Student: 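Just dropping this structure here.
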Amino acid sequence: MSNHGFVNHHEEAYLSLMRGLKDLDLRGNCVPSRLVLIGDHAFPLAMNSRGQVLMAASLYGSGRIVVLGHEGYLSTFPALVENALTWLRGDGSDNVSVAVHRNVKSVADNLQKSSFQAEVVGGFSGRLGAGVYVTNAYSVGADTKELVAFMKAGGGVLIAGQAWSWAGGHPKQNTLLLFGGNKVSGVAGIYFSKHTGDAEYLHVYPQIPTSWKSVIIGKDFEDDLEFLLQGISEFHIPTGLAASEVLVHGPLAFPIGTVSDGRAFLAGGYYGQGRVIVVTHEGLLGQEALAPFWLNAIHWLDEGRGGVVGSVSDPAIKILSRSGLKCQKTGFRKDLSVFVCTAYSDDHVEEIQSFVAEGGGLLMGGHAWYWAQTHHGQNPMTDFAGNKILTKMGLSLLGSTIEGGQYKAPVPSQAIKDTYHFRHFLRRFACHVTMGEKLNKHEEECLKKLGHDCTTYLRRNAHHCSDYAQVVSTLTNLLMSSGLPEVSDSCPVNSPKDHLLLSLGAEVYKACPNPDDLLPYLIKNNPMMPVVYNQKIKIHVNTAGGQEWISTGLYLSCGMKTYITIPAKIINKGWQIQIGCQTDRLNCQELKRAPCVYERFPVTSQRMQVWNLWGGLLYLVAPPKTQVDGAEVTVQMAVRAPYYKCGVTTAADWSLLRTAPSPWAELEFDNIILTVPSDSIRDLDRPEELAALWNDIMKAVADLAVIPHKFPRKERFVADVQISHGWMHAGYPIMTHNSSAFELVNADNVRSKGIWGPIHELGHNQQRPCWEFPPNTTECTCNLWSVYVHEQLLGINRAQAHPAVTLEERKTRMEKFVREGRKPGSWDMWVALETYLQLQEKFGWDAFKKVFAAYHKMSNFPNDNHGKMNLYAETFSQIVGMNLAGFFKAWGWPIQAATEEKLSKLPPWSDHPMVRFG
């Protein structure tokens with residue numbers, strides 16, 4: 001439900017660590033290292049104006065660590081050190097023993113008047129009796145494994161230093177893995193980097209510092225890619241193999257194999273002192289064409305240890321055994337050097353993460369798209385087994401797919417500049433919006449992907465994670481800086497930048513800690529509307545026809561929050577609350593509204609708070625095969641909507657309701673619900689006449705389909721400023737443009753001029769696969785309902801009902817079809833309709849009704865069009881008692897000899913309209 005009001009334990013830790021400090025004056029002789037933070041537990045304590053982290057803290061196992069970007073800070077900030085020691089010894093611990101390495105003896109001197117008992121030592125060994133160990137980053141020496149074990153078991157570590165001078169003296173070496181301090185702090189997700197930080201005078205604020213400028217790629221990865229891609233020019237994914245996309249979001253994660261639009265199928269990264277590689281289909285682990293890469297990868301993961309490679313995959317072992325390393329078929333073991341597994345098990349999640357953090361290598365293969373398709377309502381980033389391991393490492397398998405093909409390997413020296421990395425592109429976009437920095441063509445092309453990735457990432461709801469908080473903070477500040485672009489029918493949005501901002505508004509509003517502060521920046525014109533309180537909604541539902549929206553007659557304005565009280569019988573039963581009737585997701589070059597403007601909340605508790613940035617009509621969504629009679633829902637506060645319900649709303653009720661302030665109105669009749677802009681019904685004096693007309697229309701639709709007059713689920717029409725495709729489109733709901741609202745609610749207009757388009761869409765909803773021949777008849781047979789309703793109910797001849805059905809148009813089309821060789825591909829839409837109209841004009845509507853009725857009783861239909869067309873020809877012939885094989889063959893249908901044989905005893909239709917064409 002809501003992310004708001006979450007408890008962030010890192011915030012509590014930060015307040016404890018910075019207690020009593022108003023500022024940190026870092027100016028002076030100390031030149032600090034920038035710190036790189038990864039994982040869920042590391043968070044910054046001090047960040048300068050350029051977003052560089054100079055002090056940080058983290059958790060590892062049961063223990064804690066504080067890292068300062070220069071050893072001089074241990075002397076300069078005694079109050080901070082004392083706070084750190086208090087926090088590091090753990091909540092409720094009374095262990096006042098602190099072991100201080102002799103190289104930072106000044107810490108012990110400063111603690112003489114404190115409650116801590118400091119002992120100066122020459123190294124860590126044997127100091128497990130101490131609650132906290134203090135050292136500089138250069139003096140960990142051979143103690144690293146013991147120190148990590150101490151921290152994991154619950155000990156506290158305070159470590160300070162800088163790595164830039166070490167890196168200067170070791171230019172070819174990997175600072176993240178080989179610098180002494182990183183062998184301890186890196187395990188907990190904090191690294192001393194080779195880059196210097198700007199020392200400034202910093203104010204201490206009550207929240208963990210964040211900045212959109214923060215450095216989000218902690219390494220250039222050129223040396224890693226050179227190693228991994230030695231001898232590799234391209235990656236081959238076999239045709240027919242569907243891999244997943246992997247989102248590369250961690251500061252120390254990087255793409256290795258990508259398709260042209262930047263989506264990655266192969267990626268790697270650092271996690272603690274270890275390394276990880278993920279490929280997005282387990283079948284690729286055994287691909288011979290990829291063998292050279294896997295041999296490079298296994299040595300990169302092994303880091304020169306020459307240890308044992310354990311694999312759950314036989315095909316992987318077959319290839320990896322050529323590496324010269326010992327390979328074994330085994331499940332996870334802590335004594336391995338590299339573990340090779342699939343993404344489908346969440347056994348040993350924490351053990352595998354610790355294994356990698358403490359120096360192991362992980363190679364994982366698997367996709368998440370099938371899981372995503374079969375686990376609706378769950379989030380692959382947080383709930384999919386493989387991601388329970390990977391997401392902390394800055395890599396996440398997604399539900400989207402990547403098809404087979406040949407994909408070029410990146411050029412290592414260009415990789416960071418040219419390859420898409422989520423956090424890097426987000427920072428570039430923030431620079432573009434807040435500082436006007438120009439994006440290049442490649443970056444502009446990536447903005448659509450960035451929007452998808454932001455949405456995916458934000459839905460992690462990982463408020464406990466510093467990386468996540470940084471992304472939320474970046475996006476919140478970005479939207480406060482830019483606002484949302486104005487968008488409407490008269491003011492459409494076209495630019496990639498504005499597209500991205502529009503798509504992000506609602507997602508950031510949901511994710512940010514203080515949405516009420518953000519709302520005025522997002523919605524500039526948000527008029528106050530009168531509200532009603534404690535509205536009770538009775539539920540009477542039997543969802544035999546599938547998932548169903550239940551109208552409440554209530555509306556929530558933009559960002560308006562309300563509480564809904566839910567009866568126990570529908571909690572955790574698949575019910576949802578929906579705000580907004582326009583459920584089309586737009587994927588258009590020109591936008592007249594945001595791409596997605598509705599929200600859904602699973603009904604999981606007795607009292608739920610709900611809201612939608614864009615506002616909207618309020619619904620309950622009942623799951624399929626659900627029967628509830630008389631349960632009551634209470635909506636604490638909402639805006640009343642013009643809502644007419646046939647047989648319930650009186651004329652007196654309507655005279656008041658039609659003036660209700662909601663901008664959207666609903667008219668609910670026996671078998672259909674119309675959702676239209678309120679302006680279109682303000683002057684509707686006699687809704688009962690409109691109800692009678694629509695009740696008759698829906699009976700006519702049912703009559704032709706040969707289904708009961710009471711539909712299993714009422715159809716819905718929803719008007720919108722823009723829809724996903726077409727002028728209207730079928731579905732639940734049927735979507736139409738606002739300009740068509742008048743057509744739906746004006747009974748006199750319907751009776752005099754007809755209503756072809758909406759009936760066409762209702763016809764779509766009656767089409768059945770067993771007598772449909774897509775794509776030829778997709779836009780054809782639905783028109784049978786349009787013709788039937790106009791002629792049989794409205795008394796409007798087919799030629800008057802639509803200009804495409806005049807005799808002249810029909811004749812021209814038929815002659816052209818024959819003249820051009822009766823090509824099967826040309827038999828579609830209006831041409832195909834002519835076939836059915838000729839049948840109707842000969843045999844009448846009753847024949848169609850009997851054919852549809854016959855299909856209701858059949859089962860085991862053919863799946864292919866040829867088989868289905870033969871069945872249709874046979875069925876229609878048997879119904880009318882006449883052999884129609886010749887007629888259908890004249891239209892180019894693939895009538896089989898077996899069908900002709902079955903129909904041979906029936907008299908042929910020898911004078912059908914196609915006879916004259918020979």
Side-chain angles (χ1 to χ4, degrees), residues 9-22 24 41-46 55-161 180-181 183-185 187-190 204 206 208:
H9 297 295
H10 294 163
E11 293 283 357
E12 294 175 7
Y14 172 80
L15 289 172
S16 174
L17 284 159
M18 308 310 282
R19 188 178 64 249
L21 298 173
K22 298 285 189 289
L24 293 170
H41 298 304
F43 58 96
L45 300 176
M55 300 179 182
S58 188
L59 313 174
Y60 186 69
S62 301
R64 301 173 174 183
I65 188 169
V66 171
V67 181
L68 308 181
H70 196 283
E71 66 275 16
Y73 296 160
L74 289 171
S75 304
T76 313
F77 302 110
L80 173 62
V81 168
E82 200 162 330
N83 285 348
L85 296 176
T86 301
W87 180 74
L88 287 167
R89 70 181 180 183
D91 299 325
S93 170
D94 56 1
N95 187 344
V96 294
S97 172
V98 178
V100 179
H101 194 280
R102 63 187 173 211
N103 290 347
V104 289
K105 179 177 177 295
S106 61
V107 173
D109 298 338
N110 288 337
L111 290 174
Q112 284 179 354
K113 295 180 181 177
S114 75
S115 59
F116 289 100
Q117 295 175 5
E119 180 186 358
V120 177
V121 297
F124 177 74
S125 299
R127 303 308 311 173
L128 288 174
V132 181
Y133 182 67
V134 184
T135 183
N136 64 30
Y138 327 112
S139 303
V140 291
D143 299 335
T144 54
K145 285 195 172 176
E146 287 188 352
L147 200 43
V148 168
F150 164 70
M151 179 167 57
K152 193 174 183 180
V157 175
L158 173 58
I159 185 168
K183 294 178 180 179
V184 178
S185 65
V187 173
I190 303 174
V204 174
I208 293 175

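Quick caveat: nothing in here was measured; it's all calculated off a predicted structure. All residue numbers refer to positions in the sequence shown, counting from 1.
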Student: Can L80 and M55 be said to form a side-chain contact (heavy atoms from CB on, under 4.5 Å), step by step?
Tutor: CA-CA 11 Å; L80 173 62; M55 300 179 182; 3.5 Å; yes
Student: Quick one: does L17's side chain get under 4.5 Å of F43's, heavy atoms only?
Tutor: yes
Student: Name the residue from I159, V107, T135, V120 that meets the side-chain contact (heavy atoms from CB on, under 4.5 Å) definition with H101.
Tutor: T135
Student: Considering non-hydrogen atoms only, spot the tightest contact between A46 and L24 and give its length.
Tutor: CB-CD1, 4.0 Å
Student: Find out whether V184 and D143 are in side-chain contact, i.e. whether some heavy atom of one side chain is under 4.5 Å from a heavy atom of the other.
Tutor: no
Student: Using the side chain to side chain donor-acceptor pair (under 3.5 Å) criterion, which residues pair with Y14? Sequence neighbours excluded.
Tutor: none
Student: Does I208 reach the side chain of E11, with side-chain heavy atoms less than 4.5 Å apart?
Tutor: yes
Student: Taking side chain to side chain contact (heavy atoms under 4.5 Å, CB included) as the test, write out the residues that go with S16, two or more places apart.
Tutor: R19, W87
Student: Testing the basics here: between P206 and L15, what is the closest heavy-atom pair and its distance to 0.1 Å?
Tutor: O-CD2, 3.3 Å
Student: Which residue pairs pass the salt bridge (charged side-chain N to carboxylate O under 4.0 Å, His left out) test when at least one of the two sits in residues 71-89, sequence neighbours left out?
Tutor: none
Student: Mind checking ring pair (Phe, Tyr, Trp, His ring centres under 6.0 Å) for F77 and listing every partner two or more places apart, or none if nothing turns up?
Tutor: Y73
Student: Say you draw a straight line from NZ of K105 to CG of L74; how long is it, rounded to the nearest 0.5 Å?
Tutor: 14.0 Å
Student: Do L158 and L68 touch side chain to side chain, with heavy atoms closer than 4.5 Å?
Tutor: yes
Student: How close do Y138 and G161 get, counting heavy atoms only, and between which atoms?
Tutor: OH-CA, 3.5 Å
Student: Which residues pass the side chain to side chain donor-acceptor pair (under 3.5 Å) test with N136, sequence neighbours left out?
Tutor: S139
Student: Is it the case that the ring center of F150 lies less than 6.0 angstrom away from the ring center of F124?
Tutor: yes
Student: Could you tell me which residues satisfy side chain to side chain contact (heavy atoms under 4.5 Å, CB included) with K145, sequence neighbours excluded, listed by chain and number?
Tutor: none
Student: Could you pull out all residues at least two apart from A42 that satisfy side chain to side chain contact (heavy atoms under 4.5 Å, CB included)?
Tutor: L37, S58, I190
Student: Under a 4.5 Å cut-off applied to non-hydrogen side-chain atoms, are L88 and V98 in contact?
Tutor: no
Student: Considering non-hydrogen atoms only, spot the tightest contact between T144 and G180 and give its length.
Tutor: CG2-O, 4.4 Å
Student: Residues in side chain to side chain donor-acceptor pair (under 3.5 Å) with K183, at least two apart?
Tutor: none
Student: Does the side chain of L147 reach to within under 4.5 Å of the side chain of Y133, using non-hydrogen atoms?
Tutor: yes
Student: Quick one: side chain to side chain donor-acceptor pair (under 3.5 Å) partners of T86, sequence neighbours excluded?
Tutor: none
Student: Kindly give the heavy-atom pair with the smallest separation between A118 and L111, and that separation in Å.
Tutor: CB-CD1, 4.0 Å
Student: Would you sort out whether V134 and L85 count as a side-chain contact (heavy atoms from CB on, under 4.5 Å), showing the intermediate values?
Tutor: CA-CA 9 Å; V134 184; L85 296 176; 3.8 Å; yes
Student: Which pairs, with at least one residue in residues 92-103 and sequence neighbours excluded, count as a salt bridge (charged side-chain N to carboxylate O under 4.0 Å, His left out)?
Tutor: none
Student: Answer yes or no: is there a side-chain heavy-atom contact under 4.5 Å between L59 and R64?
Tutor: yes
